[in-house]
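A short write-up of the structure that comes next.
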Protein chains: 2
Amino acid sequence: MSQTIQRAATVLELVSIRPRTQSEVAEVLGVHRSTALRILGTLGESGLVRRRPDGTYGVGYRLTWFASLASEQFELRDLARPRIAELGAECGHTVHLAVLEDDRIVYADKIDQPGTVRMYSQIGQPVRLHTSGVAKAILAHVDAEVLERMLDGYAFERFTSTTLTSRGDFDDDLAAVRQRGWASDDGEFEDFINCVAMPVRGPDSKVIAAVSITALRAQAELDELEGLLPRLAQVCEGISKSIGWRP
Amino acid sequence: MSQTIQRAATVLELVSIRPRTQSEVAEVLGVHRSTALRILGTLGESGLVRRRPDGTYGVGYRLTWFASLASEQFELRDLARPRIAELGAECGHTVHLAVLEDDRIVYADKIDQPGTVRMYSQIGQPVRLHTSGVAKAILAHVDAEVLERMLDGYAFERFTSTTLTSRGDFDDDLAAVRQRGWASDDGEFEDFINCVAMPVRGPDSKVIAAVSITALRAQAELDELEGLLPRLAQVCEGISKSIGWRP
DNA sequence: AGTATGTGTTGCAGTATGCGCAACAGTGGT
DNA sequence: ACCACTGTTGCGCATACTGCAACACATACT
């Protein structure tokens with residue numbers, strides 16, 4: 001991995017969230033001021049970053065151009081989007097789409113609800129494998145060797161009292177997910193958030209993605225979310241069919 | 001300038017246009033296959049690039065997420081967009097918005113017309129200063145020291161028989177632009193394309209951007225585009241006022 | 001079945017690149 | 001006047017990046 005490129009990517013993330021001063025960038029990256037300015041300068045030359053009139057650095061027009069050019073490369077997300085948007089509108093909870101990419105699972109889309117707390121999840125970032133519903137919904141169905149590769153050296157870190165912290169417990173949970181067809185996050189990462197999730201299948205019936213319904217426990221306990229499973233199954237089947245899966 | 005970051009930015013551009021194989025990436029960058037894979041690997045770790053099921057590399061979800069997060073950072077473009085979209089719809093020609101960024105001018109937005117030839121211009125990329133209408137509309141009004149900085153070492157390269165190829169001729173043209181209030185590209189970069197452009201002012205009355213109407217000569221000669229100047233002036237004034245300019 | 005092509009991986013030696021540093025000038029705010 | 005921050009720059013140096021070669025694997029074609 002290239003540390004220079006990683007730093008540049010971090011800069012892009014920083015300035016996407018909000019425009020930053022070059023001191024902030026240096027501080028977050030842990031580099032010298034002149035190093036930060038060099039990175040910003042090169043990103044500026046490339047059009048990915050721009051210096052705003054107030055002296056802070058924000059995202060450049062070129063980055064939005066690239067996103068626009070690339071918009072047709074997200075076939076699965078594009079096909080899923082209207083369905084998960086509708087699901088979100090109906091249930092009033094946050095809906096996530098996560099996809100399996102080689103040996104990791106990343107959030108591909110998210111339907112937020114106005115007036116609710118923004119969830120921790122960030123599109124494009126990897127999913128925490130042992131606590132998130134979407135990850136379990138996918139991992140329950142991947143080939144054994146893919147599962148081994150993904151869990152090789154994986155740290156089952158405890159976050160809450162319900163976090164699964166051993167490979168054995170995790171495997172048992174995956175077996176249960178396989179059996180019942182859906183996964184959950186029972187406050188395993190943050191004890192005030194729970195969700196239910198189900199898999200999405202590709203044309204060859206392999207599980208390639210998952211959709212979840214996530215809520216604050218104060219808004220909906222797990223058993224209430226379980227009541228949404230028939231509708232969630234319908235949405236996942238609709239997405240699967242739209243990308244070529246046939247039961 | 002960091003060559004490593006420049007390479008990464010080139011990769012992002014390549015994969016935005018369309019997904020690429022790692023051999024293509026290596027070839028375009030002029031580097032060894034393993035170097036290309038390392039760059040792709042780091043961009044992949046950062047979520048900016050992803051390997052597609054067919055083995056090609058495309059844009060990652062995270063890049064689109066950054067663009068989405070940053071969407072509110074483009075105040076000028078956002079305010080201008082409905083106005084230039086309406087202008088484009090009315091006149092049926094391509095409309096550009098270009099902005100002055102420190103010592104360069106970049107395309108910030110573009111309204112294409114369905115059924116017409118796509119123009120060369122790419123959002124986020126610098127404008128060619130001596131041939132483009134938007135550049136002349138801006139340069140005619142910048143402070144003398146800014147103009148000196150921007151033209152220091154500038155090559156007045158000839159592209160067509162109408163290209164201005166000396167600093168003297170260019171200054172004369174800028175003086176004429178200042179006097180009449182609008183600039184043009186009279187087939188100076190590509191002899192089959194012409195345009196008219198006018199400046200956009202910021203709250204302090206300084207020119208910070210410009211808008212142009214561009215057409216194939218086969219569709220509209222320059223004098224026909226000149227007939228659109230009153231309407232273009234109206235649009236530029238509307239944009240200027242929306243960002244705080246008062247005449 | 002054999003072949004060709006492209007992909008993915010990896011360790012290592014070499015060097016080109018990226019970095020930190022310090023110092024200076026400028027700007028804006030108090 | 002003072003302070004904090006920004007922007008610039010040249011230079012020495014350490015290391016991060018690179019090319020290389022070789023291997024295994026997958027796919028497509030014959």
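Just so it is clear, the model here is predicted, and its values are computed rather than measured. Every chain is numbered from 1, with letters handed out A, B, ... down the list of sequences.
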To the nearest Å, give me how far apart [atom1] ([X]) and [atom2] ([N]) are.
| X | N | atom1 | atom2 | answer |
| --- | --- | --- | --- | --- |
| Leu43(A) | dG18(C) | CG | P | 12 Å |
| Glu24(A) | dA4(D) | CD | P | 17 Å |
| Glu27(B) | dG6(C) | CD | P | 10 Å |
| Leu37(A) | dG18(C) | CG | P | 16 Å |
| Arg149(A) | dT9(C) | CZ | P | 10 Å |

Does [X] pair with [Y] as a salt bridge, N-O distance under 4.0 Å?
| X | Y | answer |
| --- | --- | --- |
| Glu145(B) | Arg149(B) | no |
| Arg128(A) | Glu157(A) | no |
| Glu148(B) | Arg167(B) | yes |

(message) Looking only at the side chains, is there a donor atom on one of Thr35(B) and Arg7(B) sitting less than 3.5 Å from an acceptor on the other?
(response)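 Result is no, nothing qualifies.
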(request) Let me have a per-nucleotide readout for nucleotides 12-25 of chain D, 5' to 3', with B, S or -, counting only protein heavy atoms under 4.0 Å. (result) ----SSBBB-B---
(message) If you take the centroid of each ring, where Trp contributes its six-membered ring, are His130(B) and Phe170(B) closer together than 6.0 Å?
(response) no
(message) Counting only heavy atoms from other residues, nucleotides and ligands, does the tally under 6.0 Å from CD of Glu75(B) exceed 12?
(response) yes
